[in-house]
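Structure record follows, encoded as structure tokens.
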Amino acid sequence: MKWPAMGYLRATSLPDLWSALAQHGASAQIIAGGQTLLATLAFRLSEPSVLVDIIRIPELRGVSVTGGALRIGALTRHAELGRDALVRAHAPLLTEAVPLIAHPAIRNRGTIGGSLAYADPAAELPACIVALDAVVVTASAAGERRIPARDFFTDLLQTALHPGEIIAGVEIPLAARHSAIQEIARRSGDYAMAGLAAALRLEAGCVVAPRLVYFGVGNGPVLAAHASAALEGRPLDAGSIAAAQEALGEDLDPPQDLHGPPDMKRHLARVLTARVLGSFLAPKEMAA
Amino acid sequence: MITLTVNGERVTREVEPRRHLIDFLRLDLGLTGSHAGCEHGVCGACTVRLDGEIVRGCLVLAASLDGADVVTIEGLSDSGEVADLQANFVARNAAQCGFCTPGMIMTAADLLAHEREAGRGTPSRAEIREHLSGNYCRCTGYQAIVDAVEDTLKARHPVADLGRGTAPAPRSSEATR
């Protein structure tokens, strides 16, 4: 279907954006890369009165290391994220996630801020930033807020963003950690039937601060508390991996969806648990 | 009112915000090589180059393109950049009904243009498939399309690192039938 009739205006600075939002109110919809939003317009799942384009706001761009964190501007496109040297050095989990996101033509347009704001429960980047214990930095006319990633995703397609507030960027603490992401999809580029983004430290062979975050199996990224606790302080080996798989039953309550029933998703999550944790046993994957 | 460059020519047009790039190209500029397929970003028939990178033309607002540089299949054909690829599509019968072909060529041209980036060497058959995975062929002619892209890569790089990343690169078995 063709998009609905609507207005379009481009904000080229944050003050410009706040005045546009003040003028148009709740019926205005912010657009950045548009790779999800424009598809929802074609389905008439949303009919904004006006699109406010933020893609040329310079304050929302760029990747840098400041104050002990890797800061990634909200307008960083997936393709840029995938080839950025700072991201590769400090958050290789994100570098590894990019090829799993849709297809090259979509990765050239979609932005990290857009993906996080849309909060699709099967998307890769929300799970990654929870696994990396990142902070979402928001901006509004009232100023900035800093929200831990684990508190940012509140429900199905819902976030802690207030009306009139946007994602300005993401800050990822600099840390030596092992990390990996894997997913199972019907076809390359599809949303995951189930996926796992994981980060942990290994100190004297023992697991420290593991964060196993599953996606495609709930209403948002699922930080698996029981499975993570089953690993904490133990040597990473077949025994502790089996314990994490077992404990996972307490963490996941997957809804049935087009891909299959809850039991199948639980099974896939256990399979991914062994694959991802097993990847840390190989000597090649050293800390970031 | 937007002013942009399309296939090297400067154009200025009034566009409605609800116009996507593909309708702008097809209906406003008469460039009908790019196809509107699913119109929600799934099929890849509308793939065009925008500021040097491929995009889904159905997921780009024409109104947002002031100052942009767009290349369609018409411009890509005229430049000769993919003449060998197009010849291989014909030789391998990779066009079939032809609907997906302009998008396939744009996407394959992107792989050809970016190959060997970051020292990855010549893309393997699996990497060709991965790169094309966002472009649907309703005739299911994927084997022939991958053959045509692979032939082009091999012809452009005759010795170097043939078949790197694959098993000893048997000459695409399905193509010899």
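The sequence lines fix the lettering, A, B, ..., with proteins before strands; numbering per chain opens at 1. Hydrogens, waters and symmetry mates are skipped; everything else that's a heavy atom, side chains included, is used.
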Produce the donor-acceptor pair table for chain B versus chain A, cut-off under 3.5 Å.
from, atom 1, to, atom 2, distance (Å)
B:Arg18, NE, A:Trp3, O, 2.7
B:Arg18, NH2, A:Trp3, O, 2.7
B:Asp23, OD1, A:Lys2, NZ, 3.3
B:Asp23, OD2, A:Lys2, NZ, 2.6
B:Glu39, OE1, A:Lys2, NZ, 3.4
B:Glu39, OE2, A:Lys2, NZ, 2.6
B:Ile54, O, A:Asn108, ND2, 2.8
B:Leu59, O, A:Gln35, NE2, 3.1
B:Ser64, O, A:Arg10, NH2, 2.6
B:Asp66, O, A:Arg56, NH2, 3.0
B:Glu130, OE1, A:Ser188, OG, 2.7
B:Glu130, OE2, A:Ser188, OG, 2.9
B:Ser133, OG, A:His103, ND1, 3.3
B:Gly134, N, A:His103, ND1, 3.2
B:Tyr136, OH, A:Arg187, NH1, 3.0
B:Tyr136, OH, A:Arg187, NH2, 2.7

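Residue contact with chain A, scored on non-hydrogen atoms closer than 4.5 Å, involves the backbone of B:Cys58 exclusively. In this structure, the portion of A:Ile31 lying under 4.5 Å from any heavy atom of chain B is its side chain and not its backbone. Proximity to chain B (any heavy atom under 4.5 Å) is shown, for A:Leu41, by neither the backbone nor the side chain. With a 4.5 angstrom heavy-atom cutoff, B:Leu132 does not touch chain A via any of its atoms.
Heavy-atom pairs under 4.5 Å with chain B peak, among A:Gly33, A:Ala102, A:Ala79, A:Pro4, at A:Pro4.
Counted within 6.0 Å of CG on A:Leu258, heavy atoms from surrounding residues, nucleotides or ligands total 12 or fewer; the atom is thus considered open.
Heavy atoms only, all atoms of each residue included: A:Ala39 and B:Leu59 are closest at N-CD2, 3.7 Å. Shortest non-hydrogen contact noted between A:Leu38 and B:Val60 is CD1-N, 3.9 Å.
Applying the side-chain hydrogen bond (donor to acceptor under 3.5 Å, both in side chains) criterion to B:Ser77, with sequence neighbours excluded, gives B:Gln86.
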